[in-house]
Amino acid sequence: QVQLVESGGGLVQAGGSLRLSCAASESIVSIYVMGWYRQAPGKQRELVAVITSGGSTNYADSVKGRFTISRDNAKNTMYLQMNSLKPEDAAVYYCNAQKFGGLRGVLDYWGQGTQVTVSS
């Protein structure tokens, strides 16, 4: 089991910045894909950004140019730098990790989420 703990959420004014962190309970070297999802009240959970062990990244169209995903293997931590925040970015942000489990197949892990609130 991999435990994931998000932090860094909070209240920020529109146009401001936040950096979210996702700390893993074990080395993330073995985790092939990590990503950030978000869910606003009354809406479905959506993918925000993903990063592979090789450093490849993909972003939702709504955050391209504003958000940056990264990972620090030495610190077992993934980050989401969020700039130029908009009220529509407000949501609970969740950390996700997927790793190859051999005969167990692909293993999927989730954090508890961290609240991001953006005021206009």
Side-chain angles (χ1 to χ4, degrees):
Q1 291 281 337
V2 177
Q3 296 183 54
L4 303 172
V5 180
E6 302 96 334
S7 63
L11 174 64
V12 65
Q13 290 185 320
S17 299
L18 285 174
R19 189 181 74 161
L20 305 183
S21 298
C22 173
S25 61
E26 65 178 57
S27 174
I28 62 173
V29 174
S30 63
I31 301 177
Y32 181 64
V33 177
M34 298 187 73
W36 289 95
Y37 290 72
R38 68 187 182 187
Q39 186 169 25
K43 297 183 178 180
Q44 295 186 7
R45 186 173 299 187
E46 64 175 347
L47 177 66
V48 177
V50 296
I51 185 167
T52 70
S53 60
S56 298
T57 59
N58 280 303
Y59 298 89
D61 288 342
S62 60
V63 306
K64 286 181 179 177
R66 300 187 298 119
F67 290 11
T68 303
I69 189 171
S70 62
R71 57 193 289 173
D72 187 334
N73 291 342
K75 296 182 178 180
N76 295 338
T77 303
M78 177 181 66
Y79 304 96
L80 183 68
Q81 179 66 47
M82 304 185 294
N83 298 325
S84 302
L85 282 162
K86 304 175 181 179
E88 49 263 46
D89 294 319
V92 176
Y93 283 71
Y94 296 91
C95 177
N96 172 258
Q98 294 183 329
K99 66 183 297 184
F100 177 62
L103 295 177
R104 295 173 293 175
V106 176
L107 305 179
D108 198 21
Y109 304 94
W110 292 92
Q112 293 294 100
T114 185
Q115 177 71 54
V116 172
T117 303
V118 184
S119 63
S120 59

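Positions are given from 1, in the same order as the sequence printed here.
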Would you list the atom pairs, donor with acceptor, under 3.5 Å between side chains in residues 91-104 and any protein atom, with sequence neighbours excluded?
unit_1: Tyr93; atom_1: OH; unit_2: Arg38; atom_2: NH1; d: 2.9
unit_1: Tyr93; atom_1: OH; unit_2: Asp89; atom_2: O; d: 2.6
unit_1: Asn96; atom_1: ND2; unit_2: Asp108; atom_2: OD1; d: 2.7
unit_1: Asn96; atom_1: ND2; unit_2: Tyr109; atom_2: O; d: 3.0
unit_1: Lys99; atom_1: NZ; unit_2: Glu26; atom_2: OE2; d: 2.7
unit_1: Lys99; atom_1: NZ; unit_2: Ser30; atom_2: OG; d: 3.4
unit_1: Arg104; atom_1: NE; unit_2: Gly101; atom_2: O; d: 3.2

Taking atom [atom1] of [X] as the centre, report whether more than 12 heavy atoms of other residues, nucleotides or ligands fall under 6.0 Å from it.
{"X": "Gln112", "atom1": "CD", "answer": "no"}
{"X": "Gln13", "atom1": "CD", "answer": "no"}
{"X": "Gln115", "atom1": "CD", "answer": "yes"}

Backbone N/O of Arg19 and side chain of Gln81: donor-acceptor pair under 3.5 Å: no
Let me check something: do [X] and [Y] share a hydrophobic cluster, defined by ILVMFWY side-chain heavy atoms less than 4.5 Å apart, either directly or through other members?
{"X": "Tyr32", "Y": "Tyr79", "value": "no"}
{"X": "Leu20", "Y": "Val63", "value": "yes"}
{"X": "Met78", "Y": "Tyr37", "value": "no"}

Residue from Val2, Asn76, Leu4, Val5 passing side chain to side chain contact (heavy atoms under 4.5 Å, CB included) with Ser25: Val2
Locate the shortest heavy-atom distance separating [X] from [Y]; write the atom from each residue and the value.
{"X": "Tyr59", "Y": "Thr68", "answer": "OH-CA, 3.4 Å"}
{"X": "Pro87", "Y": "Ala14", "answer": "CD-CB, 4.2 Å"}
{"X": "Leu80", "Y": "Ala49", "answer": "CD1-CB, 4.4 Å"}

